[in-house]
Structures are given as structure tokens and as C-alpha cells.
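Contents: one structure, followed by commentary.
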Amino acid sequence: MPVITYRDALRSAMAEEMERDERVILLGEDIGVYGGTHLVTNGLIDQFGPRRVIDTPIAENGFTGAAIGMAMAGMRPIVEMMTWNFSFQAADQIIQNAAKLRYFSGGQVSVPLVIRGPNGGGVQLSAQHTHSLEGFYGHFPGLKVVSPSTPEDVKGMMLAAIRDPDPVIFLEAGALYGTKGEVPEGDYTVDFGKARVAREGSDVTLIGYGRQVPVLLRIAEKLAGDKIDAEVIDLRSIRPFDSETIVQSVKKTHRAVVVQEQWRWFSVASEVAAIIQEQAFDDLDAPVERISGAEVPAPYARNLEVAAFPAEQQVIDAAHRVLYREG
Amino acid sequence: MPVITYRDALRSAMAEEMERDERVILLGEDIGVYGGTHLVTNGLIDQFGPRRVIDTPIAENGFTGAAIGMAMAGMRPIVEMMTWNFSFQAADQIIQNAAKLRYFSGGQVSVPLVIRGPNGGGVQLSAQHTHSLEGFYGHFPGLKVVSPSTPEDVKGMMLAAIRDPDPVIFLEAGALYGTKGEVPEGDYTVDFGKARVAREGSDVTLIGYGRQVPVLLRIAEKLAGDKIDAEVIDLRSIRPFDSETIVQSVKKTHRAVVVQEQWRWFSVASEVAAIIQEQAFDDLDAPVERISGAEVPAPYARNLEVAAFPAEQQVIDAAHRVLYREG
Amino acid sequence: MATTPSQGKRRRSATEPTKSKNGSSASPGNRLGADALVELYDKMVNIRLFEDAAQRGFRQGKVGGYMHVYSGQEAVATGFLDTYREGDYVITAYRDHAHVLLLGSDPKAVMAELYGKGTGLVKGKGGSMHLFDVANGFYGGYGIVGGHIPLGVGMAFGQAYQKTGGITQLYLGDGAIHNGAFHEAANLAGLWGRDGLNPCLFVLENNQYGMGTSVERATANTDLGKKFESYGIEHVKVDGMDVEAVLAVAREAADRVRETGKPFAVEALTYRIMPHGAADFLEKYRTKEEVKKWRERDPIGLLEKRLEDEGVDDERIAAIRAAAKATMDEAVTFAEESPDPDLSELLTDVYASDMVVQAAG
Amino acid sequence: MATTPSQGKRRRSATEPTKSKNGSSASPGNRLGADALVELYDKMVNIRLFEDAAQRGFRQGKVGGYMHVYSGQEAVATGFLDTYREGDYVITAYRDHAHVLLLGSDPKAVMAELYGKGTGLVKGKGGSMHLFDVANGFYGGYGIVGGHIPLGVGMAFGQAYQKTGGITQLYLGDGAIHNGAFHEAANLAGLWGRDGLNPCLFVLENNQYGMGTSVERATANTDLGKKFESYGIEHVKVDGMDVEAVLAVAREAADRVRETGKPFAVEALTYRIMPHGAADFLEKYRTKEEVKKWRERDPIGLLEKRLEDEGVDDERIAAIRAAAKATMDEAVTFAEESPDPDLSELLTDVYASDMVVQAAG
Ligand SMILES: Cc1ncc(C[n+]2csc(CCOP(=O)(O)OP(=O)(O)O)c2C)c(N)n1
Ligand SMILES: Cc1ncc(C[n+]2csc(CCOP(=O)(O)OP(=O)(O)O)c2C)c(N)n1
Ligand SMILES: [Mg+2]
Ligand SMILES: [Mg+2]
């Protein structure tokens, strides 16, 4: 299988589907002439022209809403949020219209829309440009929310997202755009709602998504050095959510640590812990541990920023705690 | 103590503080001449004039942002969201500015702002007008989020909110505006971050907030008939959150049921369950049960709407389940 | 009235399209013959009587939630939707009963929706604020002020991009124009229109109040139509109480949007003679005198005078009213006798797929 | 340069305020004498050299995150902030280095902030996009396009309501004007200004691009200043490369806002001769020729010609440049040698109270 970057996998998914389906168009800020601030759409305007790769003014609420209207009119728009930090300006359109239209129209209207862009912290982007919004959008029925971590998944899930009859919040791990991985040739999709066991193990289950997954795999190797055999689960999909894979794993390992960059309160990790104690109560040998970012807006200074994100050592310590071992 | 409605308690808190402090002003849609769609501000424009009770155009993002600016300029504005359903249009101002300004200004700026309005479902308001946003806003550091359930608390917490140097998301239980209760004479505040034991009990802990609290008290009475002595906890404050009161209670009862109108995924109930299993793991005799609304946008038809909200019987059954008793 | 689109077409071909230059207000050239007037009258009376019935239902507690009637504004939607062609889209806010009826929805199904019944237009799931009849071109029915405006602009883009030949009629209120969603969407419409990619007809229904806030109290520049100039969108004004004037402007505007693929805006000055919503009892924000003054310009009353001038006799008018009343009585009976939605409906229409959706509990 | 507000005031009283009728562009009457010009030159050169140093820091990896320099636009902020009076507020977006320096912040503290050091203007917590110096009237420094506009309007309301006599200078870009936040906030400004409750001076810095999107590609109506008319806000345009013209318009505009309590808008046509952000390498959206053409109108170059005309000799100019260079070298050294923020700073400034804030983990 060819080895390509997460970024190129994303671009090829969009380009291939645009070749196949005239109804697919892209819109967003500086995705065309500029080439895309993260170069995900770079070159697509040359390939498909400005009618299908549309540079918009800085009006997230307006162009997201317009894209919903395009979807209602039978198109399959893909909106780029230059970064998800700007999506708060589009929250009304995403939550009040995209998520609910099918329901309050009694099923008369479909919104086959993908909203995509980088999510999660970068390097020193500071408070307004650092958010992980999985739980924020995952809360709302009517939306689908995914957060792929590998080139293979990001391509297969993007193809699934474009073909999905419902709105998909596509949260890319911006920090992984440059990472490489094998990607199958040709057309394939990765279904939503299925978590991935990224590493099998028997002693403890490490759960994460997006940017955390490669970190957890690295941590699992370190734990192996301490004779701890960790299973690593990549959630992949936040809504629909795959409780079963997690519960099965915990029934095997009896211990779980959930890791997220996101803030702790009312978050994905909260939900994971709640589900595990609900569905694997008698199998749990220790409380589910949550490792989250500091409860602060992201600071600019690098040393503060590093301290604001979860650290590998914190995860390692948590793994030891749930195993009642000394670190 | 005088007995007044939740609505009047709110109004008197604002009126009294406006008397005391020139810097306090109100702004929002139709809060003045119209009298307020829920009559919370009714009459205040006659008392304080249009300079302090300001009717705004339909521009939630604009007037919420303007109120943040007023707060930065030393005022103490109170914004009415006619209903919190409209706050998605103001999400960018609330989350990106109000919550973070103190931090990214290195402590140079304060935002003493209250944003208040009815939250939670009404009767047949349907999909776009039915949201419970405790977890949605509670996720963000820099905000304080409260959800009082009694006239006494709503007045004391409103006075605390107006005097708070930080932005407060004041989620009123719209369904309780007309309910009456005793309210202390004179000036008093109810601090944030302290849950209230609304009923003492020893067998099971029922946890809720806002509109659910009177329901839980009614349920506790019914359970008493089944010889189940339920403790009822009113969270009152979502951020800061009082884990201690909950954990203490569960250490006594060994069982907990969390009830919310809100959707289940990534919600307040998720957090409560996560906290209890973290901090009272060995004391729990059964998984924490979560009772939430159906995972659908709110339907219009009354029979569907009733089915979409948590039912008393569901809570009663859950209480029996955690006690391993037949319903 | 149960106007079917086909009837709609027949009717339109009947009335002679009269071009009045630059769509400015009613000139004698706009005047219609008796039969055309009678037809418009029929529609407007049907809307008015529907709204009266809906309000009775609300007062009886049979209609729930928020409900906003169109009484007083009938001439606007009646005139504009007379230009509707199959393939066109229509979208508005929550004051939507008239629009969907004019597009041919069965008053029975619309009333049943207000009653929250399973036979309702959207199966009882949406209610008054969320009427939809996609088969007849009606795309809702939205409760968040400003929120539907970007949708309409996007729908118009979709029509042009897919070369369907259709246009979108996008209705908005005088209160909605101050919302950021309007600014962003109108700017996109103007921008995309340069390439013929936005056949969007903005119909600004200026009924002079946003809930209790008058235009003067909502903006320092009360010439609302002029705000479209910021986006390079041409616009005209029309007397929204004179259905013939509206019709003339609507025809010209719709043709122009269809031909150019560019957006165009019409500000219709009108007035709601009823409260903002069924729960707006006090109306402290306007005087009885003001309402009375405007009731004298009630579009139905004005049209009756015209019918007189055209020598339409009272029997014919009485017959129309009687028929409309019968239609509404029938609609109410149907709504009352219809069953509640099946409880299984609660969990459907969240997703297209058979994704599992959790019940409460 | 370390201009203190008091120096600022002395300087202003020195230069004769010349009223040019309705603030229209530079007329001979706007022309200043040698000393005043030299002072402006000093400021502009300091900004330019600060930005050059900042970019070196970025290229060396010592400045992180997003950084946007002001090079090419110096005449705008320099002219407008010359009218600053104690009690005024100033707010802008992320292209904020110049504004805070002109208000008197120490270049050392500003550079240290860019370097993310504990000695930074906001303790290393905000970085380039979030500079604040409240003591000097600077209220940030915002990263979300459009997001700061409502804040500025609210601050101006606060000044008028509390009768402080101050005004708010609110800077925004040509890209931000299409954002809904602008529409809503400008409408509030116009509305509140009717009662003298909005002394807000909008400074529209039209540098002709929003990132890579030219004004023509962002709106069908490219007369951006005119958009203020929708809100009943008067406006003028000025050549943003001619600091004397800017100063004249700024004085008149600021006085008028101060006197009336009404908002006023100035569109300054300018150009950023550098990339949008320090990470914008390709600049596919504009030609080298275009940049070259505009560099010929570099405001500092134009001002040097004026200094020549006024007979200011090269030594004096060289001395200013040397001093500015020294100031920036000093600032860089200070930034480089400053310590990182103390880790305890991570958890402070989230709330005023001593509310417990959780660390990561
Ligand atoms: C974003 C938002 N804010 C507030 C409301 C409450 N609200 C419902 S209708 C209305 C007035 C709208 O006025 P206008 O646009 O003129 O329409 P009209 O009711 O006159 O037809 C308001 C403020 C809402 N639905 N959405
Ligand atoms: C809401 C939002 N969308 C997108 C961005 C990304 N972005 C940062 S600067 C910029 C261009 C702004 O242009 P303009 O207002 O003209 O200011 P200039 O950079 O020219 O000074 C964009 C799109 C953002 N910061 N906020
Ligand atoms: Mg109106
Ligand atoms: Mg610009």
C-alpha cells in the first residue's frame, strides 16, 4: 500500500469524490487561490475550478448556513473551518439547523454536509486558537462527529462522510497532518461508530482519539518495559460512539485510562468513564482514570502550554495507579 | 420570610442591586417596553429608565459582546437571553471572549458580566427552542455556570452573580418561574460551588438541578412509600462544581441516580457518574444510573415531547435497580 | 383552498403579466381584472380564516408552543407566491402558515400540524414554526431569527449550480435584518450573484415591529431596503397592503432573478394586525389607535373595495367566504379527530440511517 | 521609542491642529512642520524596525504561534493614535504590535511577550495576538476575526454612560467587515449613538486583503466605508499611506466623536507590504509587481520625501534610525535573556477569585 501523509489522504479523498460526483463542492476561507492555510486543499482549485472550490469571506455562520442550504438543495458540500476554533461563530447553524432539520421537517429534508478542519492544540496558538471540540459537538443528536488518527482512517472516513446523508463534524488532528501511513489503493470507506483496537494488550486499556493515539502507542511500548501489557483503543468516532469495543476491552483488562487534550469537565473522558462504570461495573478493578488538559484557556508561552496538555508521564503514572503498582 | 415566585425573586435581586449600584444595567430583547417575554424584567424600565434597561435589536452576538465591553469598561451588565436557545448565536462572544479575556490579558481585564435567561424545555416549544445547556457552557474554564432551583437560591445566586468579578452563565429553570417559596428579607448571597442537600436520606442519592429538583423531591416521597429513604441533592452550581457533597452522600448511601433533561452524551450526568466512580469507587454498591432525555431534537407533539423527557417512573425504577429491588 | 401547483400554473397563465417599469409601486398598468382579483381574494380570505381558526385552537389549548399568525400581511406572500413555478424554493421564519398554504399544502394537514397530530404536515414533529412541504417547494419554517437566511442563499446557489432554472424566495422580517446571519448571507448572495450563481429573491416583510421593538428602536438607519446596497443587491419598495402592487413588483422581481441569476430584494411595508405571537397579550409597545389606523388599510378590506369597483357582486364574495369557512371548519375537525403521532415517531428522523437512537431514561 | 502618554500629550499640543473641512483627504492645510514630521517619522521607523526584529525572531523559532506584522500600515495607527487622550480606549485584532507600542508600551515588554517570556506585556500568556496594556488604554489584541468589534462598541458605551469623556478607537480590517459581528455591533453603535452613548471611532484598515482574499473577492460592493451608512454612521476615506492626511482626518474624527458621543468611521486605504502572517510564504494571491508598486508608496518612504522637502538633513534621519535600531536590539536582548514564565502562572488569571483550578492530568 502507498504511504502518504494524513494531509494528502484527506485531499485525495475529497479529490476522488469530486471526480466521481459533481454535487461535491468545497467552500471555506482561502482554500482556493491561497491554497488552504494548512494546504489540505492545495491545488484543488486548479483541478476543479473556482465554481467547485469556493473562497468565502470571513463569515463562518453565513457560509456554513449556505452550505446547509446547498445540501438541502441536493448538493454535497464540504465546508472547511480554517480551524475549529472559528466554528463558535457557526454554532447556531450547526446546532440549530444542520443537526435538527431532518427531525423538525418530519424527515422531508436531508443535510448531507461535511464540515471539516483541524481541531486540537497546535504550538503556541494560545487561548482563542486552541480547542478540542469532540464533546462539545458530540452532545447534539442529529450530528455525527468523528476524529480519525491515521491516514488510512482519515481517507476512509472522509469518503464515508461525504456520502453520508447526515451532517458530519469532521475533526481532523491538525497536529498529525504531516504524519505518514499506509493507505489502501482505490475506493474504500471506514464506517462510523466503530472504535479501533490499535494495540492489543491484557493488563490495562488506554483510550484516546486523534492526536492522542500515536502518543498512547508510544506509552504502551514504555509500559511494556515495565511488564505492563497495555491495550490501546482509538475511538475514531465520537457520535455514534462504540461503547461495546471499550467495554469488551475493559472486561478483559479490568482497568482503563482515558486520555484527552480536552478539558475534563463534561467531556469525552467523562462519558467514557460513565459508560465503563455502567456497563463493566463488576469487571472494574480500579476507578477509570481520566487524564485531561489543565482547566485553563491555552497559554502562549511554550513551557506553560506544555504543562497545560496531558503529559506522557501522567498517563504512565495513571496506568500504574489502576494496576496498584508503584510508578 | 415572605413567600414569592422564582420570577419575582429574580426581579427583586436585579432591582435591588440596580438601586445600590449605578454600574448595573440590563440589556436584551424586549426586556423594557415589552416587559420581557417571561416578565422577569417587567416594570424595571419604569423604575430605572431606558438608559439602564436597554431594549436591543435581535443580535445576540453583538449585544453579548457589547456587554462584555461594558464590563471591561467597569460596568456590571446583565444580559437577558430571551431564552438560552438563542445563545448559540452568541457562543463566540461567550466562549472566546468572556471566558478567556482575563487569562489572555495576563489578568489585566475583568469581565463582571451576568448572562441570564430561561433554560430547559417548556411545553411544545419544539426542536430549536428546547435545550439544557449546563454541560455545554460548563465545559469552558473562565466561565461560572449556575442553575438554581428555588426562589431563595435564585435571588441569592443572582446577587452573587452580579457582584462576581467573572462572567456568570445564569441558567434559570424557565419551568419554575411561577413556583413560590420563602425568600429571606434584605441582602444575602448564595455562594457558587456549593450543592444543597434538599432532602436527607440514607438508601440512595438522587442528584439533579434546576427543574428536576422539585421532581426528585416528589419522587423521594413516593420512594419513602416503598421504604426507600432517598437523599436528594440539588447541584445548584455546575461550574464550580461541588464534588464533595455528592461523594459524601454516596459514601453514606452507596448508590446514586443522576437525573437530567439534557441529552446523555458528554453531559452533566456523565461527569457526575465519572466523579463518583473516581472518588467513591469502593463505596459504590451499584453503577451510578443516569436518567436523561431522549437522544432526539425536541418534538412538538405533546405526547412525543413527554416521552422525550425523563419520566418519574424511570427514576423510580432506577432507584430500585441500584438497590437491586423489584420495582 | 387547497391550491395545487397545477391550478397555480393555470391561474398564473390566466392573469396577464403586466410589466411596470423598474418594479416601482402600483401604477394603473398593474391593475387586474375581476376574475384575477377574485382569485387573489379567495387566497387571502382563506389565509385569514385559517389564522382565525388557528388562534381559536390556541386559546382552547389545542395548539401549543409558540404560534405566530400572518393576519394583516396576506397581500405580501399572496402576491409573491403567485409567481411561484415548479422547481422554485420558498423559505421563511416561523410566521409561515400563509406561505405553505399558498404553495398548495392541504389546510387539513397544516391545521393538524398545529394540533400536533400524526396527520400533520410534518407528522406533528415541528408545529407551527416548522412547517415543511418540500413537494410543493416549501423548505420551512424556522424558529431562530436570522438562522434561515443563509440557508435560502445556499439553496439558491444549489439551483444555479445544478441549472434547475428555479429561484428561491427568501422571506425575512424587519427584526431579522439586524442579525449577523443576514449580513453574512446577503454578502454571499451578492458575491455569488456576480457569477449568476444566486437566484435569490429576498422578500423583506417589514411589518414595522420585531416582537415589541419598532424599526426606529432597532436601528439608526430605518431605510431597511437600502441595507441591501451594502452587498451590491438591487432593491425596490412596495406597498405591502396592496396585493396588485405587490403582484406587479413580484412578477418583475422574480423574472429578473430568474433571468440574471442575481439576487434582488423587495421591501414590502406591511403590518401585523394581530399580536406578535399568540402569547403576546399586552402589546404595550403600540397603541390601539395605531392598530386601528392600520386595520383601515387591511389588505383584504382594500381588496374588497377593488372588487366593488370592478363590479364583483356581494354573492360572489359571500360564496368565497362561505367556502373558506367550510374549508377551515373541515380542517379543524380533521385536526381534532386525527390521532396523536405514534410514539415510535419519537426516535425516527434523527438520522437517515437506521442508527440506533436512545429513548429517554 | 517608549513614547509615554505624557510625551504624547506634549507633542500633540506642539503640533497645530489644522481643521480640514469634513475630514477629506490631505490638503496643504494638513501639512505639518519639520519637527512634527520628524516625531511621526520616529514612531513609524520604530514600528517598522520592531516588526523586522519580530520577524527575525520568528524565523529563528524564538517567536511562536501566529504573528502578523504591521509593516506598510504604519501611517494609519500612527496618525490616529496621535489623537489619543488619557481615558481613551483602543482595541484591535491580532495585528496589534504597532498600536500598543504607539500607546507607550515598552518595546522590551512587547518583544518579551512575543518571545513568550515572563517579563512579557501579558506575562507570556497571550503572545503576539493578545497584547494588552490597560494602563495605557490598550484593551487588546484579539484573534477571532470580528470578535473584538462588539467589545469596542460596548467599551464606548461604558465611557459615555460613566461620562468619562473618553472615546474608543476601534480598528478593524477589510476582511472583518463581512463578519456578522461587525453588522450587529455597528448597528448598536449607530443606535446608541443617537443618544450620545457611543463615542466609538471606527478605523477601517483596508489593506486590501483578508489573508489571501482581496476585497473584490470578498464582496460585490467594494466601497467598504459606505457600509457604515446602513447603521447611520458617518464616514470618510483617507489615504492610509500619507501620515499627514491620516493625522488631519484622525483629529477631526476624534474631536467629533468626543463632542457628539456618536460613532464615526474612517476607511484608511493601505497595504501590508509583508505576508499576511509570518507563516504565509507563498503569497499566491498577489503579484510581486503589485507588492513592488505599493512599496513605492511605503508610508515611511513617502514621509522621508516630505522630510527632504522640509529640509530635514540626513544626519537627523540617520540618528533616528540608529536610535530605533538600538531600541530594538535592546528589546531583543531583553526578550532573549528574560526567563520563561513561572509554571505557577499556568493556573492563575482564570478567575479573579482563588477558585481552585485543576492542573493537567
Ligand atoms: C436569535 C433569536 N433571538 C430572539 C428570538 C425571539 N424572537 C422570536 S420572533 C422575534 C421577532 C422577529 O421580528 P421580525 O424579524 O420582524 O419578524 P416578525 O415576527 O415581525 O414577522 C424574536 C425576537 C429568536 N426566535 N431568535
Ligand atoms: C472567525 C475567524 N475566521 C477566520 C480566521 C483566520 N484569519 C485570521 S486573520 C484573517 C484575515 C483577516 O483579514 P482582515 O480583517 O482584512 O485583517 P488583516 O489581516 O488584513 O489585518 C483570517 C481569515 C479568524 N482568525 N477568525
Ligand atoms: Mg417584523
Ligand atoms: Mg485586510
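Note on naming: letters A, B, ... go to the chains in the order of the sequence lines (proteins, then strands), and numbering restarts at 1 for each one.
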Under a 4.5 Å cutoff for heavy-atom pairs, which residue among D:M129, D:H183, D:Q159, D:K125 has the most contacts with chain B? D:K125
Heavy-atom distances under 4.5 Å only: say whether B:F192 touches chain D with side chain, backbone, both or neither. neither
Backbone of B:A73 reached by a side-chain donor or acceptor of D:Q162 within 3.5 Å: yes
Using non-hydrogen atoms and a 4.5 Å limit, figure out which bit of D:L170 sits close to chain B: side chain, backbone, both or neither. neither
Search all heavy atoms of B:Y103 against all heavy atoms of D:T348 and return the closest pair with its distance. CE1-O, 3.1 Å
Neighbourhood of chain B inside residues 112-122 of chain D, taking heavy atoms under 4.5 Å as contact: D:L121, D:V122
Answer yes or no: are there more than 12 heavy-atom neighbours, outside B:Q47 itself, under 6.0 Å from its atom CD? yes
For the residue pair B:P57 and D:N187, establish whether any side-chain heavy-atom pair is separated by less than 4.5 Å. yes
Between D:Q358 and chain B, with a heavy-atom cut-off of 4.5 Å, which part of the residue counts as in contact: side chain, backbone, both or neither? neither
Taking the side chain as everything from C-beta on, heavy atoms only, tell me whether B:M72 gets closer than 4.5 Å to D:Y89. no
Quick check: closest heavy atoms across B:D166 and D:S353, and the distance to 0.1 Å? OD2-N, 4.1 Å
Between chain D and each of B:R102, B:M70, B:K144, count heavy-atom pairs under 4.5 Å; write down the option with the most. B:R102
Those residues of residues 266-279 of chain B, ordered by number, that approach chain D below 4.5 Å (heavy atom to heavy atom): none
I'd like to know if the side chain of D:D349 and the backbone of B:F104 have a donor-acceptor N/O pair within less than 3.5 Å. no
Region of B:D92 that comes under 4.5 Å of a non-hydrogen atom in chain D: side chain
Taking the side chain as every heavy atom from C-beta outward, state whether B:S105 and D:K123 have any pair of such atoms under 4.5 Å apart. no
Applying a strict 4.5 Å limit to non-hydrogen atoms, the region of D:L197 in contact with chain B is side chain
Chain B contacts, top residue of D:L131, D:V134, D:I91 (heavy-atom pairs, under 4.5 Å): D:V134
Specify which of B:I54, B:T64, B:T56 makes the most heavy-atom pairs with chain D at under 4.5 Å. B:I54
Measure across B:G142 and D:Y351 and return the closest heavy-atom pair with its distance rounded to 0.1 Å. N-OH, 3.0 Å
Pick from D:V356, D:V357, D:L346 with the largest number of heavy-atom pairs that fall under 4.5 Å of chain B: D:L346
Under 6.0 Å from the CD atom of D:E345, do we count more than 12 heavy atoms belonging to anything else shown? yes
Would you mind checking which part of B:I25 comes under 4.5 Å of any heavy atom in chain D, side chain (CB onward), backbone (N, CA, C, O), both or neither? side chain
For the candidates B:G106, B:G107, B:P240, B:P167, which exhibits the highest count of non-hydrogen atom pairs separated by less than 4.5 Å from chain D? B:G106
Side chains of residues 140-157 of chain D: which donor-acceptor pairs under 3.5 Å do they make with residues two or more places apart or in other chains?
residue	atom	partner	partner atom	Å
D:Y142	OH	D:Y139	O	2.7
D:H148	NE2	D:Y171	O	2.6

B:Q96 versus chain D, heavy atoms under 4.5 Å apart: side chain, backbone, both or neither? side chain
Please collect all salt bridge (charged side-chain N to carboxylate O under 4.0 Å, His left out) contacts where either partner lies in residues 45-63 of chain B, sequence neighbours excluded, each pair once. B:D55-C:R217
